[in-house]
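Working notes for the structure below.
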Amino acid sequence: MLDLKFIRENADLVKEAIKNKNEKADIDRILELDEAKRIAQFNFDQKKADQNRVSKEIGLKKKNKEDASDLLAQMGNVAQEIKDLKNILTDAENALNEAILWVPNMPHPDVPVGKSEDDNQILREWGTKREFTFQALDHVEIAEKNGLLDLERGAKISGSGFPIHTGMGARLERALINFMLDYHLIHHGYQEIMVPSMVNPTAMQGTGQLPKLKDDMYRISEDDMYLIPTAEVPITNFYAGEILKNDDLPKKFVGFSNCFRREAGSYGKDTRGLQRLHQFNKVEMVRFVQPEDSWQVLEEMVNDAEDILKALNLPYRVLRLCTGDTSFASAMTYDLEVWAPGANKYLEVSSVSNFVDFQARRASIRFRDNEGKVQFVHTLNGSGLATPRTIIAILENYQNEDGSFDIPEALKHYLPKI
RNA sequence: GGAGAUGUGUCCGAGUGGUUUAAGGAGCACGGUUGGAAACCGUGUAUAGGUGUAAGCUUAUCUAGAGUUCGAAUCUCUACAUCUCCGCCA
């Protein structure tokens, strides 16, 4: 979330950011709630200070065996008054806290203003798109010929969007996950972490999924828990509510998890094969850094994600998302899109974002700097990578005329001959 | 799932209703001492809100929430977490 003081002093800037991000938060209402809360706070504080003072006197008199009945009588209604003022204050706080949770992060000035994905900036492209001497198949056809997927039985057991990987398909999925994790550990110096797939509402609020994305997530109502849409949630919340030492930073974690998304509102879009799923696998990088380092680290993380595609020799491009496409909590996001010749389009396989102090404020992740001052950390995360579309790209780019496909050199070690 | 115990600051730990404004210790930081260090001595050592140019004043927070009371770390209730035992189980 944003600093209330910042909102107070820069209301117009914040309003513009909300508009550019296609969000709807009402800043004027927040300013009113803020004002009301401060008045309520003042009233409560004053009455409570009175009470504390007189109570102390009563204590003193009783200790000295003096009569305190006049003071006690004087305090007759104060307790009830304080209770009422406290209720007013609590209501004001709750209203303000609830409202501010809907305010998105400010986009960085370098983020292009734009409405939709059409306004995203293409920054660079890597690799050469393969020229096919035959009709390139799409991944569903290749998977079918090689027995890699059983989407029908997945739909039977769970529903559409819950794929079953069979035989070499399952091995390839597992190999890819291990390859990506190892690559980040060995070449990029991350620390591996394995986290729960279900989290409580506080964690979801900490990273910014709640309240806005409530309908996009699977909720276990009996236990009031959510299935994670990304490992970002449990990993970033690892330090929630803590004050880290300066020496603890920076932290770099990489973890694999299942990801669960209801994809509400996108039914019928990109439904073929593995393009858009309710459950998929993803390797996620998360960093906790000092504020002055976060923009450089963002570039580093994009490179970390790119290295995976380079190692797999898959053509891709890098986009900087425009304001309208940049997510609620992010200040700047780069997307990596891999080339899928069978589908004849680019597919998003990674999203790398700098949240600056937005998540750190929500989740209260702070550190004590060199001067002993407590500051919010900056958090960043990026996919490194999501497996389904990477699998699509591998199958389509490495396919042969007879319908078989080759294994990328980098994965061979992970797929011993059986 | 059942029974019991426990939850205090960075850590250990005292605190069963009122100068607790959380003792004491350790750690850490700074200063003194020293050729340098250890030991020793001194000082400091939470977070958030309100107010103020500032010093300061003030409010909240002893796992969380609710209650009793003029007054709660302390009493009551609920939730959560940890530990022990029993049951079940990969």
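Quick note on labels: first sequence line is chain A, next is B, and so on, each numbered from 1.
If you take CG of Asn246(A) and P of A29(B), they are 14 Å apart, rounded to a whole angstrom. Between the CG atom of Asp224(A) and the P atom of A64(B) there is a distance of 20 Å, given to the nearest Å. Residue Lys56(A) contributes atom NZ, which lies 6 Å from atom C1' of U21(B) at whole-angstrom precision. When the P atom of U21(B) is taken as reference, atom CG of Leu60(A) falls 12 Å away, rounded to whole Å. Between Glu93(A) atom CD and G50(B) atom C1' the separation is 11 Å, expressed in whole Å. Asp369(A) has its CG atom 16 Å from the P atom of A46(B), to the nearest Å. The distance between atom CG of Asn200(A) and atom P of U63(B), rounded to the nearest whole Å, is 20 Å. In this entry the distance linking CG of Asp45(A) with C1' of U61(B) reads 13 Å, nearest Å.
With both ends at atom C1', the span from U8(B) to A64(B) equals 15 Å, rounded to whole Å. When the P atom is compared between G35(B) and A46(B), the two are found 35 Å apart, to the nearest whole Å. On the P atoms, C62(B) is 13 Å away from U10(B), given to the nearest whole Å. With C1' as the reference atom, C89(B) and C75(B) are 40 Å apart, rounded to whole Å. For the C1' atoms, the distance from G25(B) to G15(B) is 15 Å, rounded to whole Å. Nucleotides A23(B) and G13(B), compared at atom C1', are 10 Å apart to the nearest Å. For A54(B) and U61(B), the P atoms lie 26 Å apart once the distance is rounded to whole Å. Atom P of G65(B) sits at a distance of 15 Å from the matching atom of C80(B), rounded to the whole Å.
Listed pair Gln46(A) / U59(B) fails the phosphate criterion, with no side-chain N or O lying under 4.0 Å from OP1 or OP2. Taking only side-chain nitrogens and oxygens, Arg368(A) comes nearer than 4.0 Å to OP1 or OP2 of U47(B).
The pairing partner recorded for U34(B) is none, the criterion being a Watson-Crick or G-U wobble arrangement whose two distances lie under 3.5 angstrom. Under the Watson-Crick or G-U wobble criterion, with both distances below 3.5 Å, C85(B) is paired with G2(B). Of all nucleotides present, only U43(B) satisfies the Watson-Crick or G-U wobble test against A29(B), with each distance under 3.5 Å. Across all strands shown, A54(B) forms no Watson-Crick or G-U wobble pair with both distances under 3.5 Å. As the counterpart of U76(B), A66(B) is assigned, both hydrogen-bonding distances of the Watson-Crick or G-U wobble pattern falling under 3.5 Å. In this structure G71(B) sits in no base pair that meets the Watson-Crick or G-U test at under 3.5 Å.
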> Which is it for Val14(A) and Ile30(A) under the side chain to side chain contact (heavy atoms under 4.5 Å, CB included) test, yes or no, and what are the steps along the way?
Replying inline: CA-CA 12 Å; Val14(A) 177; Ile30(A) 286 172; over 6 Å; no

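Considering only the side chain of Ile243(A), U47(B) comes nearest among G71(B), U47(B), U68(B). Side-chain atoms of Met75(A) lie closest to C70(B) of the nucleotides G49(B), G50(B), C70(B). In this structure, the nucleotide among U47(B), U59(B), G71(B) sitting nearest to the side chain of Phe44(A) is U59(B). With G18(B), U58(B), U47(B) as the candidates, the nucleotide lying closest to the side chain of Ile58(A) is G18(B). Set against G49(B), U19(B), A60(B), the side chain of Lys37(A) has G49(B) as its closest nucleotide. Listed nucleotides: C70(B), U59(B), G50(B). Nearest to the side chain of Arg8(A): G50(B). The side chain of Arg38(A) lies closest to G50(B) when the candidates are C70(B), G50(B), U68(B). Nearest nucleotide to the side chain of Ala79(A), out of G50(B), U58(B), G71(B): G71(B).
Within the nucleic acid shown, Lys245(A) has no heavy atom closer than 4.0 Å to any nucleic acid atom. Among the heavy atoms of the strands lying under 4.0 Å from Val374(A) are primed sugar atoms or P, OP1, OP2 only; no base atom is included. Using a 4.0 Å heavy-atom cutoff across all strands shown, Gln74(A) reaches no nucleic acid atom at all. Nucleic acid contact class of Lys62(A) (heavy atoms, under 4.0 Å, all strands): base. If you check every strand for non-hydrogen atoms under 4.0 Å, Lys61(A) touches nothing. Counting non-hydrogen atoms under 4.0 angstrom, Arg53(A) reaches nothing in the nucleic acid.
Other residues, nucleotides and ligands place more than 12 heavy atoms under 6.0 Å from the CD atom of Gln80(A). Around atom CD of Glu144(A), no more than 12 heavy atoms belonging to other residues, nucleotides or ligands sit under 6.0 Å away. More than 12 heavy atoms of other shown residues, nucleotides or ligands fall within 6.0 angstrom of atom OH in Tyr398(A).
For Phe288(A) and Phe238(A), the ring centers sit 6.0 Å or farther from each other.
Across Leu319(A), Leu309(A), Val349(A), a single residue satisfies side chain to side chain contact (heavy atoms under 4.5 Å, CB included) together with Glu337(A), and that is Leu319(A).
Contact of Asn52(A) with G71(B) (side chain to base): no donor-acceptor pair of N or O atoms is detected under 3.5 Å.
Of all heavy-atom pairs between Phe260(A) and Ser197(A), the closest is CE1-CB, 4.4 Å.
Electrostatic pairing of Arg153(A) and Asp150(A) counts as a salt bridge here, judged by a charged N lying under 4.0 Å from a carboxylate O.
Counting heavy atoms from C-beta on, the side chains of Gln290(A) and His378(A) never come closer than 4.5 Å.
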Considering only nitrogen or oxygen atoms on both sides, find all protein atoms under 3.5 Å from nucleotides 77-82 of chain B and state each distance.
none

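Note that Lys252(A) lies in the cation-pi zone of Tyr190(A), set by a 6.0 Å cut-off to the ring centre and a 45° limit from the axis.
Mapping Gly59(A) and Gln41(A) onto RNA chain B by nearest heavy atom places Gly59(A) at the nucleotide closer to the 5' end.
Between Phe179(A) and Tyr414(A), the ring planes lie perpendicular to each other; the angle is over 60°, past the 30° to 60° tilted range.
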